[in-house]
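I have placed the structure first, in the form of structure tokens, so that the comments after it can refer back to it.
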Amino acid sequence: MASDDECYDYEYDYDEDDDDEQEEEAMEADEEGLFEDDTPMPDRPADCWAITQESLSIAQQQDLSMVMTLLNVKQHNARALLIHHRWKIDCIYDHLDRKGRDRTFREAGIVLHENINGKPLGLPSRVVNCMVCFDEFSVGAVSTMECGHYFCNDCWTEHFKACVESGKKQIRCMGVKCPVVCDEAVVQQLLAGEYPDAARRFDRFLLESYLENNDSVKWCPSVPHCGRAIRVGAGERYTEVECPCGLGFCFACAAGAHSPCPCTMWDMWEVKCNGESETVNWILANTKSCPKCFNPIVKDGGCNLVTCKCGQHLCWKCGGATGRAHDWDSIVGHSCNRFVGEEKKKVDNAKRNLHRYTHYYDRFKIHGDSHKLEHDKLGPAVDERVKLLEALLQDQPLLHDASWLTEAHRGLLQSRQVLSRSYVFAYYMFGGDDDKVRTWPKHRGSLPIAQGLFENYQEELESNVERLSKLLATEYGPVPEEEDVRRDKQNAMNLAKIVQTRCGEIYKCIQDELLPLLLDPMIIAAYRPRGPDKAKDFTTA
């Protein structure tokens, strides 16, 4: 699809005969059940929830209660375990199984002693000496942590206040080199009496720890921020989710949804497109540096003698300094055999890299622009056509339901995005100019075969996406013919199934055939025919 500000214009480079033949083949294949059997089955939707400020404490308490119940520990110890293991409950169980209870607890800053009951162990029960200020206090004015260290409440309070002001979410015991995490109930109680603002800030820290130290929860990256965080299930970090605010994003890197392109490649692409790397390549490929002032010079026609603004004359062929005397074919006293081979190779590489980047960027942008046009202009047109068909064909049960148009349009939008992003992946996978994407030497012989398979899938997807786009753009007259509607419905459903199949094949080829060839492991989100998984509002039910 080609975009235009004033008109709704479509351009294609295939003829109608080929189009009709492909439609017949698609219908025959559907009758034989080929698409249903060959379509790679997408993984089940990810378990993801949208958490608001109001439900944040409930979501956090859910995980805390689970650990408290299963391990029979207090809330602050459960929190210490979860923070240490980045709120991965399965990781806690794994460490318990491999290392045992004592070592797992000790690594998280937990030391359990029995029968403390709030009193210092092995000391008189009436008066004790604080080991910080060295004053004497009654037992009621002293607090003891689970490690057995005790100090007066005044010293504890000042210690807690200093830790909160420094931004610590876990407050350790004041004992020398003691790693034990202090009981948060004691922290809140002592701070609330002397420093209520610090107590409230500490409460906020405890809530924020669920977001900032949790690999399964991330803030929605919407701008302006919608106030929600998204939580996914265990093992579902590499997925794409859609917040209830409507923003879809990659959960792993928080960038916009970009599958089937891995996060590393997508990040490099955004830097490349928004940075100056291609500007440098263009300068190398299309300019010469003045040998006197070193400023780049662009030549638009004329002979090979060029004069810089600084007054220096140079030869455009080799960039060498010359005199002014010349004719159309030569410059007096100058020969280009002084041109350095390495410089020529550098310019040739720059031209080749620029040409390659331009090819992939053009395909990426063409399909991106088509997606925008199909969303902004074709979408409302499809909605109007659905209303028209449902109003005029009420007496035709099989044709009255025009939801097939909406489903086909949704499939078109999703496959268009897959197609656009697949060119970013291809740019880096197949000879990209960035050394961050490297293949195993022993697998380099397999790369051309896998590349051919990928490009075949990509070509087939591109062809069928354009056909589906053209079909959905077809307008009906005031009174549509039933035969036309029936034919379009069949063709749209078949094409939607075809593009879904091809998208699944591209994802499978990337994940199973191409990414294993890389030295540095990369993962892509699973294919979702309906787009990113929609996060549900978190509930306690």
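- No hydrogens or angles considered: a donor-acceptor pair under 3.5 Å links the side chains of Gln490 and Asn494.
- Classification of Glu505 and Lys508 as a salt-bridged pair fails, no side-chain N sitting under 4.0 Å from a carboxylate O.
- Under a 4.0 Å N-O distance rule, the pair Arg103/Glu107 qualifies as a salt bridge.
- Residues Gln170 and His84 bring no donor and acceptor atom of their side chains to less than 3.5 Å of each other.
- Under the 4.0 Å criterion applied to side-chain N and carboxylate O atoms, Arg106 and Asp102 are not assigned as salt-bridge partners.
- A salt bridge is defined here as a Lys NZ or Arg NE, NH1 or NH2 lying under 4.0 Å from an Asp or Glu carboxylate O, and Arg416 with Glu374 meets this definition.
- Across all their heavy atoms, Trp219 and Gly227 have their closest contact at CZ3-O, 3.9 Å.
- For the residue pair Tyr527/Gln511, the side-chain donor-acceptor check at 3.5 Å is not satisfied.
- Taking the six-membered ring where the residue is Trp, Phe364 and Tyr361 present tilted rings, their angle falling between 30° and 60°.
- Judged by distance alone, the side chains of Thr52 and Ser55 do bring a donor and an acceptor atom under 3.5 Å apart.
- Of all the heavy atoms in Leu56 and Ile51, the pair that sits closest is CA-CG2, 3.5 Å.
- Within a 6.0 Å sphere centred on CD of Glu455, heavy atoms belonging to other residues, nucleotides or ligands number more than 12.
- Checked by atom type, the side-chain pair Tyr210/Arg231 shows a donor-acceptor distance below 3.5 Å.
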